[in-house]
Number of protein chains: 2
Amino acid sequence: MSCESETIDVLRESGHKMTPQRMMILTSLRHASGHLSAADIFEQVKAAYPYVDISTVYRTLTVLKEMRLISETHMGGGDATFEWVASERHHHLICRHCNGVTLLDHTYLEKLGSQIEREVGFHADIDHFAIFGLCADCKRETASN
Amino acid sequence: MSCESETIDVLRESGHKMTPQRMMILTSLRHASGHLSAADIFEQVKAAYPYVDISTVYRTLTVLKEMRLISETHMGGGDATFEWVASERHHHLICRHCNGVTLLDHTYLEKLGSQIEREVGFHADIDHFAIFGLCADCKRETASN
DNA sequence: TCCTTTGTTGCAACGATTTGCATCTACTCT
DNA sequence: AGAGTAGATGCAAATCGTTGCAACAAAGGA
């Protein structure tokens, strides 16, 4: 039994099926150190099973996202990145000037999430945000022009 | 002189040029009541000048976005929507179950923005967020299964 | 184990957005 | 007003992600 058995149960219980393709996509996501794009995952899975289709990857990612096993984040530069949610929660501050990326602790967003839940009744999926703006350095530089 | 003259100056000062196409795209955005997709804008501009190309619309939107005159928001269902930033700031709570959209007052995000600026020094562009999650109704429904 | 149901797959076609490139034009300087 | 330059345009082709569909296979029950 692999280390994905728990995940498999979660999928089964919600009426989904476990297929070899899904298993490979899951493994790819779980064992990745950080963010993966759909294309990254596609490449990895293709190495083991060359007949997978990119649409299968996207459809599986959609399912996993719906079940909140993974998070999807649009970090500017084109393609979205996906990450296993169970890993440490964190967010990104992306500078629109120098494109630098800084980490933002989850506590900042956690407060926002619980406030919204308390006051509006909406349960926000605050797993992985990308917030755009100007970093401290570029702010200084821009101000002195 | 039209009511866009101020915007024109902002563009010029940052090394951009004002063209008839851009003017029409600007007008379309400024006079829209709410969110517009790139295709909406394309249609509107084409009514006045049938030779515009959709790529011109996208390129202009990219420029306006960089200058923070408009905001781009991905609200699930496929295409991105654009909105004139000067209009009332607001955000969206989008239910991943029923796809319903609720408005979220800007004050919630404003606090987050100023806190990040104060503590991390990063100036977040919190213009128009789309936050996904479960609305109160769907939360209740899901819990009772 | 065999059958049925229902979700999943691969493929191809599609829609949305981006990019390369030659041409054109708004703006600046003279 | 005329010339030069950098940025913008239109077109076509490429890319990225999604969708329809027929064939397939996993899960559950007889």
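Scope of the values below: all heavy atoms of this structure, side chains included, with no hydrogens, waters or symmetry mates. Numbered from 1 within each chain, the chains take letters A, B, ... in sequence-line order. Please read all numbers here as calculations on a predicted model, not as lab measurements.
Here D:dA8 presents its P atom at 15 Å from CE of B:M24, a figure rounded to the nearest Å. One can place NZ of B:K46 at 12 Å from P of D:dG10, the figure rounded to the nearest angstrom. One can place CG of A:L61 at 10 Å from P of D:dG17, the figure rounded to the nearest angstrom. Atom CD1 of A:I54 is separated from atom C1' of D:dC16 by 9 Å (rounded to the nearest Å). The distance between atom CD1 of B:I41 and atom C1' of C:dA16, rounded to the nearest whole Å, is 14 Å. Between the C1' atom of D:dT15 and the CZ atom of A:F42 lies a distance of 14 Å, rounded to the nearest Å. When rounded to the nearest whole Å, the span between OH of B:Y51 and C1' of C:dC24 equals 16 Å. In this structure, A:M67 places its CE atom 13 Å from P of C:dG7, rounding to the nearest Å.
In this structure, A:H123 has no ring pair (Phe, Tyr, Trp, His ring centres under 6.0 Å) partners at least two apart in sequence or on a different chain. Take A:E66 and apply the salt bridge (Lys or Arg N to Asp or Glu O under 4.0 Å) test, not counting sequence neighbours, and it matches no residue. A search for salt bridge (Lys or Arg N to Asp or Glu O under 4.0 Å) contacts involving A:R68 returns A:D125, A:D127, not counting sequence neighbours. Every ring pair (Phe, Tyr, Trp, His ring centres under 6.0 Å) that B:H106 has, sequence neighbours left out, goes to B:H91.
Heavy-atom distances to DNA chain C give each of B:E72 and B:R12 a nearest nucleotide, and the one nearer the 5′ end belongs to B:E72.
Between A:R22 and C:dT9 there is a side-chain N or O to OP1 or OP2 distance below 4.0 Å. In terms of phosphate contacts, B:Q21 brings a side-chain nitrogen or oxygen within less than 4.0 Å of OP1 or OP2 of D:dG10.
Defining each end axis of the helix from C:dT1-D:dA30 to C:dT30-D:dA1 as the rotation carrying four pairs' C1' atoms onto the next four, with five pairs an end, the two axes are found to diverge by 40° to 10 degrees.
Hydrophobic cluster membership for A:L103: none, as no Ile, Leu, Val, Met, Phe, Trp or Tyr side chain comes under 4.5 Å of it.
We find the CG-CG distance between A:L93 and A:L104 to be 4.5 Å, quoted to the nearest 0.5 Å.
Evaluation of the ring-ring contact (aromatic ring centres under 6.0 Å, His included) test over residues 50-72 of chain A, restricted to residues two or more places apart or in two chains, returns A:Y49-A:Y51. Residue pairs meeting the salt bridge (charged side-chain N to carboxylate O under 4.0 Å, His left out) criterion with at least one partner in residues 101-119 of chain A, sequence neighbours excluded, are A:E117-B:K139.
A side-chain donor-acceptor contact under 3.5 Å links A:H128 and A:S71.
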Expected rows: protein N/O vs nucleotides 19-25 of chain D N/O, under 3.5 Å:
residue: D:dG20; atom: O6; partner: A:R59; partner atom: NH1; Å: 3.3

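A:Y49 comes within 4.0 angstrom of sugar-phosphate atoms only, judged by non-hydrogen atoms across all strands, and of no base.
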